[in-house]
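Below is one structure; the comments refer to it alone.
The chain is numbered in sequence order, starting from 1. Counting starts at 1 for both ligands and their atoms, in listed order.
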Amino acid sequence: MDVSYSQFLRLTQRRASVRNFQAADVPRAAVEQAIAAAAQAPSACNRQPLRYIAVADNATKLKLARLPMGTAGYAEGIPLMLAVVGDLSAYPFERDRHIIYIDASLANMQFMLALETLGLASCSINWPDMEQRERKAAALLMLKPYERIVMLMAVGYPDPAGLVPHSEKKSVEEMLTWM
Ligand SMILES: Cc1cc2nc3c(=O)[nH]c(=O)nc-3n(C[C@H](O)[C@H](O)[C@H](O)COP(=O)(O)O)c2cc1C
């Protein structure tokens, strides 16, 4: 393996949620590279029940960015909005309806780390389970009836002058129970 553990650890330590971006556009080629990494993620039965919708168009992007409640104060400065969309038709049994959220989350982490290697930054954005907003987003993004937004993501080149909150992480001892 030509990626050492310490290199990989440094990559994970470097990623942080960024909410202040440069005005520069995000190249489609970079998003495609990050998606190539996301596509390698495991998924239940390898069904890969997700896709990414990248919204660069200004008017649509702003409408989408204002729909979740977690973008107050920075929605207007997001260069690219991504909707991570799960496909419920991949898992027909009700008991498996949570799997799109697991599969998409595994892919998203790979997506975000790949962005870091390309000099891009991201911020995950919670998608609230609220009927009216679901309907608005479905119309805006032309979702199929069996598709659900798992989360949104802001993507862009970080503003070097912008502040990034430090988020303290749990220690290994707090994270691990070994029985
Ligand atoms: C599922 C999820 C939802 C999140 N929702 C929001 C959000 O709505 N708005 C926001 O500014 N940050 C959001 N975040 C970013 C978190 O606040 C951030 O990941 C956390 O504070 C840890 O900081 P770090 O990402 O820099 O390690 C979300 C993160 C996750 C994983």
Cluster link M153 to I78, ILVMFWY, side chain under 4.5 Å
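Different clusters: M153 never reaches I78 through Ile, Leu, Val, Met, Phe, Trp or Tyr contacts under 4.5 Å.
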
Is V85 linked to Y101 within one hydrophobic cluster, defined over Ile, Leu, Val, Met, Phe, Trp and Tyr using a side-chain heavy-atom separation of less than 4.5 Å?
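V85 does not cluster with Y101.
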
Do the side chains of [Y] and [X] get nearer than 4.5 Å, heavy atoms only?
X	Y	answer
Y74	C123	yes
I149	L143	yes
W127	V150	no
L113	T12	yes
N58	L62	no

Within the structure, is a non-hydrogen atom of [X] found at a distance of less than 4.0 Å from ligand 1?
X	answer
M151	no
P68	no
R15	yes
K169	yes

Give yes if a backbone or side-chain nitrogen or oxygen of G70 is under 3.5 Å from a nitrogen or oxygen of ligand 1, and no if not.
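N/O-N/O distance below 3.5 Å exists for this pair.
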
With only distance considered, is Y74 within less than 3.5 Å of ligand 1 through an N or O on each side?
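Between Y74 and ligand 1, an N or O pair is found under 3.5 Å apart.
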
Test of understanding: given a 4.0 Å heavy-atom threshold, classify the contact between C123 and ligand 1 as side chain, backbone, both, or neither.
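Side chain only.
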
Starting from [atom], which protein heavy atom do you reach first, and at what distance in Å?
atom	value
atom 23 (O) of ligand 1	S167 OG, 3.0 Å
atom 26 (O) of ligand 1	S17 N, 2.8 Å
atom 2 (C) of ligand 1	S124 CB, 4.1 Å

Short list, please: which atoms of ligand 1 are under 4.0 Å from a heavy atom of [X]?
X	value
R19	10 (C), 11 (O), 12 (N), 15 (C), 16 (C), 17 (O)
N126	3 (C), 4 (C), 5 (N), 6 (C), 7 (C), 8 (O)
A16	26 (O)

Tell me if the CG atom of D57 is crowded by more than 12 foreign heavy atoms within 6.0 Å.
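Enclosed.
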
A quick test of your reading: do over 12 heavy atoms of other residues, nucleotides or ligands sit less than 6.0 Å from CG of N46?
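More than 12 heavy atoms, drawn from other residues, nucleotides or ligands, come within 6.0 Å of this atom.
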
